[in-house]
Engineer: 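Here you go, one structure.
Because only heavy atoms are used, hydrogens play no part in the values below, and waters and symmetry mates are left out as well, while side chains stay in. Source: prediction; values computed, not measured.
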Amino acid sequence: MKIIKYTTIAASAFALLLLLTTMAMAGDPNGSGTYTDDVAGLKIATNFAWTLVAAFLVFFMQAGFALLGAGALRVKNTVNYFTKSYMDFSIGALAYWAVGFALMFGGSKLFAGLEDGNSIIGWSGWFLTGDAYDVSTMMFWMFQVVFAATAATIVAGACAERLKLQTYLIYSGIVTAIIYSIYGHWVWGGGWLSTLPYGVGARDFAGSGVVHAVGGLVALAAIMLLGPRIGKFNKDGTPNALPGHDVGYIVLGTFVLFFGWFGFNPGSTLAATDLRISVIAVNTFLAGSAGAVLVCYWTFLKTKKVDIALTCNGALAGLVGVTAPCAYIPTWSAVVIGLVAGLIVMYGIRFNEWVLKVDDPVGAVAVHGYNGLWGLLAVGIFADGTYGGVSGLIVGNTGQMMAQIIDAATVAVWAFGTGYILFAVLKRTVGLRASREEELAGMDISEHGYSAYPEFIIQETGESHPANSPERVRT
Amino acid sequence: MKIIKYTTIAASAFALLLLLTTMAMAGDPNGSGTYTDDVAGLKIATNFAWTLVAAFLVFFMQAGFALLGAGALRVKNTVNYFTKSYMDFSIGALAYWAVGFALMFGGSKLFAGLEDGNSIIGWSGWFLTGDAYDVSTMMFWMFQVVFAATAATIVAGACAERLKLQTYLIYSGIVTAIIYSIYGHWVWGGGWLSTLPYGVGARDFAGSGVVHAVGGLVALAAIMLLGPRIGKFNKDGTPNALPGHDVGYIVLGTFVLFFGWFGFNPGSTLAATDLRISVIAVNTFLAGSAGAVLVCYWTFLKTKKVDIALTCNGALAGLVGVTAPCAYIPTWSAVVIGLVAGLIVMYGIRFNEWVLKVDDPVGAVAVHGYNGLWGLLAVGIFADGTYGGVSGLIVGNTGQMMAQIIDAATVAVWAFGTGYILFAVLKRTVGLRASREEELAGMDISEHGYSAYPEFIIQETGESHPANSPERVRT
Amino acid sequence: MKIIKYTTIAASAFALLLLLTTMAMAGDPNGSGTYTDDVAGLKIATNFAWTLVAAFLVFFMQAGFALLGAGALRVKNTVNYFTKSYMDFSIGALAYWAVGFALMFGGSKLFAGLEDGNSIIGWSGWFLTGDAYDVSTMMFWMFQVVFAATAATIVAGACAERLKLQTYLIYSGIVTAIIYSIYGHWVWGGGWLSTLPYGVGARDFAGSGVVHAVGGLVALAAIMLLGPRIGKFNKDGTPNALPGHDVGYIVLGTFVLFFGWFGFNPGSTLAATDLRISVIAVNTFLAGSAGAVLVCYWTFLKTKKVDIALTCNGALAGLVGVTAPCAYIPTWSAVVIGLVAGLIVMYGIRFNEWVLKVDDPVGAVAVHGYNGLWGLLAVGIFADGTYGGVSGLIVGNTGQMMAQIIDAATVAVWAFGTGYILFAVLKRTVGLRASREEELAGMDISEHGYSAYPEFIIQETGESHPANSPERVRT
């Protein structure tokens with residue numbers, strides 16, 4: 001706890017110091033030097049509006065993640081999960097403001113105040129002070145911070161029901177400030193992956209890799225170190241299904257996420273004057289739909305039942321898969337990408353439970369991690385050359401695929417590796433797991449002192465809940 | 001099931017075929033031929049942004065329908081209803097991409113790739129390939145597909161708690177691909193209703209008829225063939241109220257729908273440069289408010305209690321009623337339309353239960369069907385001539401009213417008729433109803449294998465829940 | 001009840017009268033005189049789109065308030081609270097259309113039809129008829145009405161679980177039509193506060209005072225007259241915590257409110273061409289995050305538990321606090337404002353419970369009232385002179401602070417005073433409180449005849465739920 005206190009004091013002192021530099025800022029803090037009453041000015045204003053509205057939609061995805069995760073978990077951990085889900089973006093916003101943004105976009109020279117950095121790391125824009133007190137830089141920060149928050153929150157679900165709250169909060173600051181941002185620099189901040197000498201360099205339009213693979217693969221490292229929940233695996237190593245407490249929340253969360261994804265993908269042009277936004281929106285819709293349809297019918301044909309929780313993961317898988325390629329592909333490719341993503345999520349969950357024997361209560365690793373990698377590769381396969389000069393295998397180009405493979409391998413190593421190191425350090429310092437007693441009683445009581453639904457009569461149940469249950473996807 | 005498999009294979013083969021045509025596309029897939037850095041280009045970009053954001057809001061209405069319906073149903077069918085509510089838009093998106101859009105807007109020549117069609121039906125734009133791989137066409141598709149999905153999902157609530165899931169999924173594909181799209185062609189795709197020689201031809205600004213009456217009247221046909229839920233009617237034919245399980249969901253669903261309606265109606269200009277968008281938004285707000293106020297106080301004055309579930313239907317009725325006329329009327333008319341809509345929904349529900357003796361658990365037929373027709377007629381009454389050349393009775397013009405009556409009669413016959421045929425065919429083939437045992441146990445177990453709230457202790461109750469209860473609206 | 005009837009009849013007659021004047025309107029009802037195909041016209045269209053989308057987001061905050069309040073209340077009052085939360089905006093919309101808007105913006109000459117008024121009160125724009133039937137006026141009304149509705153709904157939570165529904169509905173019409181609108185005129189309608197001879201006159205960018213302090217301080221007056229819920233205070237005057245029934249709803253409501261706040265604050269430029277919107281969005285995000293982080297860790301360091309319900313109030317406090325200054329300050333100030341707001345809400349709740357001994361089930365007085373005042377003062381402290389000519393103490397200017405103090409004092413007196421008078425009159429006429437029996441049984445049964453969750457087994461509980469519990473914030 002002392003660490004927290006001293007960190008707080010140090011951060012405050014640092015902030016106060018920067019306050020002074022603020023006074024002597026350059027940049028254009030009110031837009032009077034950026035906006036002009038002509039076509040050029042209006043173009044900027046239109047694109048500001050577009051990008052900010054998209055950012056707001058992406059922000060709202062936080063509510064979707066909260067609902068989705070809460071629904072898939074048991075009542076006794078509901079307060080705890082909602083707390084993690086709420087606090088990660090609050091902490092993440094401050095961390096990204098202070099540190100992450102500067103690491104990620106310093107040196108990109110995209111906007112004022114982002115001058116300093118190299119192809120490995122950036123180092124300007126701290127606290128949005130100085131030249132970064134600029135309307136364009138702020139617009140860009142607003143769009144980026146909600147992506148950082150998305151990457152962070154993916155881990156919450158995978159680690160749910162046993163990871164200590166305070167450990168999670170520390171993690172969420174570090175991943176947003178450092179792990180996410182450094183890799184993001186390589187792809188979006190002008191770093192080395194974006195300038196690979198294959199194709200046009202690695203391309204990840206809206207973040208299958210930067211956001212989803214990072215979140216999903218950090219989650220994989222975390223749950224390997226964390227271990228499964230009590231009762232998840234039998235002595236013979238076979239997994240059990242631990243039923244979530246509200247299927248409606250899973251569906252509602254998926255609706256909210258899908259809605260927000262229309263900010264995530266089309267917004268990533270940062271410009272409504274880039275009319276490709278319409279193709280991006282359509283591809284997003286189709287891939288998400290195809291992923292759901294695949295899982296719905298695949299499980300139905302095998303089991304004669306429809307597993308809507310798994311189907312929602314199919315929709316999300318399709319959305320994750322199309323996030324990198326959404327701008328570069330024709331609509332039929334979006335459908336194919338979504339269908340493949342549906343398969344990946346089903347068999348990915350099965351692989352995690354039966355082969356890796358890890359416990360991911362919401363399927364985050366398969367949805368975001370494996371499909372994030374799939375999205376990066378899909379760029380190399382399906383890009384049709386109509387946008388951004390990106391051409392994949394379907395139009396006979398192999399160079400782009402090489403760049404995408406390098407990117408996918410890089411994010412796999414980086415996210416899993418740094419995630420593993422981070423959680424290993426946390427394990428030895430603050431500790432990862434709640435005690436056995438706390439876990440059995442639920443973390444709501446031990447970490448919050450109250451439960452989510454105090455007036456409802458609750459009964460723990462052994463009822464088989466097939467969300468993410470491997471039985472459902474076995475041949 | 002074999003039908004599904006073969007259909008899938010056939011569709012896949014067809015899609016692969018079209019893939020090849022994609023390669024030789026015209027159209028403007030990246031906007032470089034559509035956008036220019038001048039006033040004309042910026043105007044297009046501004047209107048793209050407006051239309052797409054509106055489409056995203058309309059998409060989010062799916063979550064509203066899911067909440068509204070789930071709240072009005074019993075716990076034992078919650079997973080089933082959420083599944084229908086989720087899957088209909090996923091299947092609908094693919095169906096509208098493959099078939100519906102081409103039937104609806106082929107021949108409209110509104111955008112590239114929509115050249116072929118006549119006043120009865122369109123036949124170009126399949127799979128958004130060829131010339132339809134164009135940023136403007138895609139923008140338009142994105143806005144249209146969410147309307148198609150809205151029409152489809154209206155039926156889910158009316159048929160809830162006894163219609164088989166797989167039958168519903170087949171229905172949702174067919175209504176989106178064919179029934180909705182062909183009638184839509186007549187009104188919005190340049191078809192015969194839009195060119196009637198009365199007034200300026202039939203006008204349905206945002207779809208009181210195209211979306212809501214189609215959904216609501218297909219629903220009426222469906223529930224006539226489907227029959228009421230067990231326990232809905234007594235032996236003497238009098239109806240019982242079957243309480244829904246979450247009143248909060250009903251209110252939240254209404255909030256979400258109201259929010260989305262601000263995309264639905266103002267977005268239907270497809271242009272922010274059409275400044276009438278502000279009047280449309282205001283009219284939308286006022287009609288929805290007036291519908292709620294009417295039902296709230298009408299029921300209160302009769303019963304000394306406020307029935308919030310019915311009041312929410314009043315709000316939705318006002319919104320449905322103003323959807324066709326929203327662009328053509330002054331604000332006081334919106335209030336009057338909303339008040340009348342509130343009366344229509346109350347007495348429409350009563351009519352359905354006491355005269356037609358059909359069982360519509362959420363009141364969808366009255367909200368969307370009857371008020372959809374009211375909206376079409378309201379154009380002919382209240383259009384004040386300030387917009388689009390549409391003048392109604394209040395400014396002394398009778399021609400428009402004639403066009404609107406023809407439109408209303410047409411949609412009533414078309415939607416009810418084709419809906420009846422469709423559900424009659426489904427009844428004789430795949431079957432409509434779950435078995436008596438399944439229905440009594442709830443469809444969650446039989447069709448999904450799990451329940452929505454496994455940890456909460458549930459008890460079926462005979463408590464009188466007055467949502468849609470006729471007692472409440474009797475004199 | 002007769003009063004309601006006669007009021008309705010009178011209002012209807014008045015509306016019909018105005019109908020006639022509508023026919024002879026000026027203004028620009030379809031935009032043909034406002035929009036032109038050039039830079040000037042496009043600028044207007046872009047700003048219409050921005051403002052309307054922002055208004056839609058603010059509308060959606062109604063759902064956030066509904067969720068937040070419902071979650072913090074007991075099951076037995078859920079239907080009642082949702083009803084209040086839903087009906088207040090419906091009634092408020094009609095009241096603001098008929099009366100409030102004219103009182104608030106009449107004389108501002110901001111748009112057509114708003115010519116008449118003085119620095120105390122406005123008197124033109126009634127029912128949006130006449131010259132006010134204009135696209136710009138309508139755009140402006142749409143943005144303003146959702147703010148009025150926000151102010152009104154703040155009171156619902158504070159008075160929950162014992163204020164009679166019909167009394168609340170009467171209140172909501174009056175506050176929207178009169179109390180909110182008159183004060184609003186002074187600040188935003190060109191009234192005397194906006195032209196104070198200190199600094200540039202009082203400034204309240206997005207309504208810390210106009211919306212939040214008004215709502216929060218009317219609420220304070222109301223709960224003083226209303227008295228605490230049965231069981232809230234012990235005989236020795238110490239307060240008890242009465243647990244809410246759904247912690248998840250509290251978090252979800254906060255997410256929705258936060259999302260809507262991105263319309264509330266950045267939208268208040270009414271212009272995307274004012275590029276300061278990006279700074280406003282960033283400040284909004286940071287202040288909300290800082291408020292949550294402060295409360296989260298403050299309570300954690302004292303109690304070793306995280307109180308997520310109180311933390312959500314911290315987030316909202318930060319948002320309220322930054323609402324007035326959001327446009328005028330650098331980002332570090334937003335963080336400081338949020339941190340201070342977090343302290344204010346914690347100690348404000350404690351002050352209310354332990355010193356004033358009033359019962360505010362959701363903490364609305366501290367969140368909106370006290371932090372609304374804080375927001376007004378924060379303008380005078382942190383405005384850095386980069387925008388709107390507003391300079392505060394940090395850049396050595398004391399004049400603005402004087403204007404802000406006068407504004408804060410004015411709203412405190414006005415909102416508390418008129419709120420007190422209104423509720424005192426209501427107490428003597430229609431009555432404020434439900435009977436003891438009704439309150440103990442819950443208002444769902446007495447005022448609605450049904451409960452929110454009829455199938456779930458509910459048990460009233462004495463479990464200590466620490467939302468807003470003073471134990472949590474005691475040293």
Side-chain angles (χ1 to χ4, degrees), chain A residues 39 42-43 46 49-50 53 57 74-75 243 245-248 251-252 254-256 258-259 262-263 266 272-279 281-282 285-286 288-290 292-293 296-297 300-301 303 305-308 311-312 315 330-332 335 386-387 456-461 463-466, chain B residues 1 4 8 15 18-19 22 29-31 34-35 37-39 41-42 44-46 48-49 52-53 55-56 59-60 62-63 66-67 70 78-79 82-83 85-87 89-91 93-94 97 127-129 133 135-136 138-139 141-142 145 165-166 447-457:
Chain A
V39 166
L42 266 181
K43 183 177 178 180
T46 301
W50 172 253
V53 170
L57 291 176
R74 289 166 294 181
V75 168
H245 86 280
D246 192 335
V247 175
V251 177
L252 293 171
T254 305
F255 274 123
V256 171
F258 210 130
F259 176 51
F262 288 119
T273 54
D274 179 344
L275 302 184
R276 188 75 174 187
I277 51 177
S278 63
V279 178
V282 171
F285 200 172
L286 289 174
S289 299
V293 167
C296 173
Y297 284 108
F300 177 71
L301 292 175
T303 67
K305 299 198 191 297
V306 169
D307 184 343
I308 186 61
T311 296
C312 285
T331 58
W332 67 265
V335 174
T386 56
Y387 184 81
F456 291 83
I457 308 294
I458 305 297
Q459 174 179 277
E460 280 205 46
T461 167
E463 182 190 343
S464 175
H465 179 288
Chain B
M1 290 311 102
I4 296 177
T8 311
L18 281 160
L19 186 161
T22 308
N30 57 32
T34 305
Y35 178 76
D37 253 339
D38 56 18
V39 165
L42 266 181
I44 290 168
T46 301
F48 261 59
L52 289 175
V53 170
F56 307 157
F59 171 82
F60 195 46
Q62 294 288 323
L67 279 161
T78 301
V79 175
F82 272 118
T83 302
S85 200
Y86 192 85
M87 287 311 300
F89 91 81
S90 300
I91 292 171
L94 298 178
W97 167 66
F127 290 92
L128 290 173
T129 50
Y133 188 9
V135 288
S136 301
M138 295 274 181
M139 175 275 293
W141 184 85
M142 186 67 214
V145 69
L165 173 61
Q166 293 303 323
E447 298 204 322
H448 306 276
Y450 53 93
S451 58
Y453 312 101
E455 295 187 63
F456 291 83
I457 309 293

Engineer: Is chain B contacted by the side chain of A:V53, its backbone, both, or neither, given a heavy-atom distance below 4.5 Å?
Structural biologist: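 Just its side chain gets close to chain B.
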Engineer: Name the region of A:T46, side chain, backbone, both or neither, that has any atom closer than 4.5 Å to a heavy atom of chain B.
Structural biologist: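 Contact with chain B involves the side chain of A:T46 alone.
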Engineer: Let me know if B:L52 has heavy atoms under 4.5 Å from chain A in its side chain, its backbone, both or neither.
Structural biologist: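 Only the side chain of B:L52 comes within 4.5 Å of chain A.
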Engineer: Heavy-atom cut-off 4.5 Å, strictly under: side chain, backbone, both or neither for B:Q62 against chain A?
Structural biologist: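 Interface part for B:Q62: both.
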Engineer: Between B:L165 and chain A, with a heavy-atom cut-off of 4.5 Å, which part of the residue counts as in contact: side chain, backbone, both or neither?
Structural biologist: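 The side chain, not the backbone.
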Engineer: In terms of relative ring orientation, are B:F89 and B:F59 parallel, tilted or perpendicular, with 30° and 60° separating the classes?
Structural biologist: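 Aromatic pair B:F89/B:F59 classed perpendicular.
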Engineer: Measure distances from B:D37 to the heavy atoms of chain A and classify the residue's part below 4.5 Å as side chain, backbone, both or neither.
Structural biologist: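 It is both, since atoms from each part get that close.
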Engineer: Checking the side chain of A:R276 only, and the main-chain atoms of B:P29 only, is there a donor and an acceptor separated by less than 3.5 Å?
Structural biologist: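 Yes, A:R276 side chain to B:P29 backbone: donor-acceptor pair under 3.5 Å.
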Engineer: With respect to chain B, which residue among A:L275, A:L42, A:T311, A:I277 yields the maximal number of heavy-atom pairs within a distance under 4.5 Å?
Structural biologist: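 Looking at each of A:L275, A:L42, A:T311, A:I277 in turn, A:L275 comes out on top.
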Engineer: Should B:T78 and B:Y453 be marked as a side-chain hydrogen bond (donor to acceptor under 3.5 Å, both in side chains) after you check the CA-CA gap, both sets of side-chain angles, and the distance that decides it?
Structural biologist: CA-CA 9 Å; B:T78 301; B:Y453 312 101; 4.6 Å; no
Engineer: Answer yes if the ring centres of B:Y86 and A:F255 are under 6.0 angstrom apart, and no otherwise.
Structural biologist: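 Ring centroids of B:Y86 and A:F255 are less than 6.0 Å from each other.
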Engineer: Compare all side-chain heavy atoms of B:H448 with those of B:T83 and state whether any distance is below 4.5 angstrom.
Structural biologist: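 Touching, per the 4.5 Å side-chain cut-off.
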Engineer: So for B:T34, is it side chain, backbone, both, or neither that comes closer than 4.5 Å to the heavy atoms of chain A?
Structural biologist: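 Both parts, backbone and side chain.
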Engineer: Against chain B, label A:L252 side chain, backbone, both or neither, depending on which of its atoms sit under 4.5 Å from a heavy atom there.
Structural biologist: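 When you check distances to chain B, only side chain atoms of A:L252 fall under 4.5 Å.
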Engineer: Most heavy-atom pairs under 4.5 angstrom with chain B, which of A:V279, A:V251, A:T273?
Structural biologist: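 Between A:V279, A:V251, A:T273, the count favours A:T273.
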Engineer: For B:F56, check ring pair (Phe, Tyr, Trp, His ring centres under 6.0 Å) against everything at least two apart and list the hits.
Structural biologist: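 Per chain and number, B:F56 pairs via ring pair (Phe, Tyr, Trp, His ring centres under 6.0 Å) with A:F262.
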Engineer: Please state whether the side chain, the backbone, both or neither of A:V335 comes within less than 4.5 Å of a heavy atom of chain B.
Structural biologist: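 Side chain only.
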Engineer: Among the options B:S85, B:A49, B:A55, B:S136, pick out the one with the most heavy-atom pairs lying under 4.5 Å from chain A.
Structural biologist: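 When all of B:S85, B:A49, B:A55, B:S136 are compared, B:A49 has the most.
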Engineer: Would you please say whether a donor-acceptor pair under 3.5 Å links the side chains of A:W332 and B:T129?
Structural biologist: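 No donor-acceptor contact under 3.5 Å links the two side chains.
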Engineer: Between B:F48 and B:Y35, does the ring centre distance come in under 6.0 Å?
Structural biologist: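 No, the ring centres sit 6.0 Å or more apart.
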Engineer: For B:M139, is it the side chain, the backbone, both or neither that has a heavy atom under 4.5 Å from a heavy atom of chain A?
Structural biologist: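 Both parts, backbone and side chain.
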Engineer: Under 4.5 Å from any heavy atom of chain A, what part of B:A93 do you find: side chain, backbone, both or neither?
Structural biologist: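 Both the backbone and the side chain of B:A93 come within 4.5 Å of chain A.
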Engineer: Could you check whether any side-chain N or O of B:E455 sits under 3.5 Å from a backbone N or O of A:V75, counting only pairs where one atom can act as donor and the other as acceptor?
Structural biologist: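 Here the side-chain-to-backbone pair exists.
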Engineer: Using a cut-off of under 4.5 Å on heavy-atom pairs, state which of A:S278, A:A281, A:A315, A:G248 scores highest against chain B.
Structural biologist: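 Winner by heavy-atom pair count: A:S278.
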Engineer: Distance alone, cut at 3.5 Å: any donor-acceptor contact between the side chains of A:Y387 and A:D274?
Structural biologist: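 Yes, A:D274 and A:Y387 have a side-chain donor paired with an acceptor closer than 3.5 Å.
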Engineer: Could you look at A:F285 and say if it's the side chain, the backbone, both or neither that has a heavy atom under 4.5 Å from chain B?
Structural biologist: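 Only the side chain of A:F285 comes within 4.5 Å of chain B.
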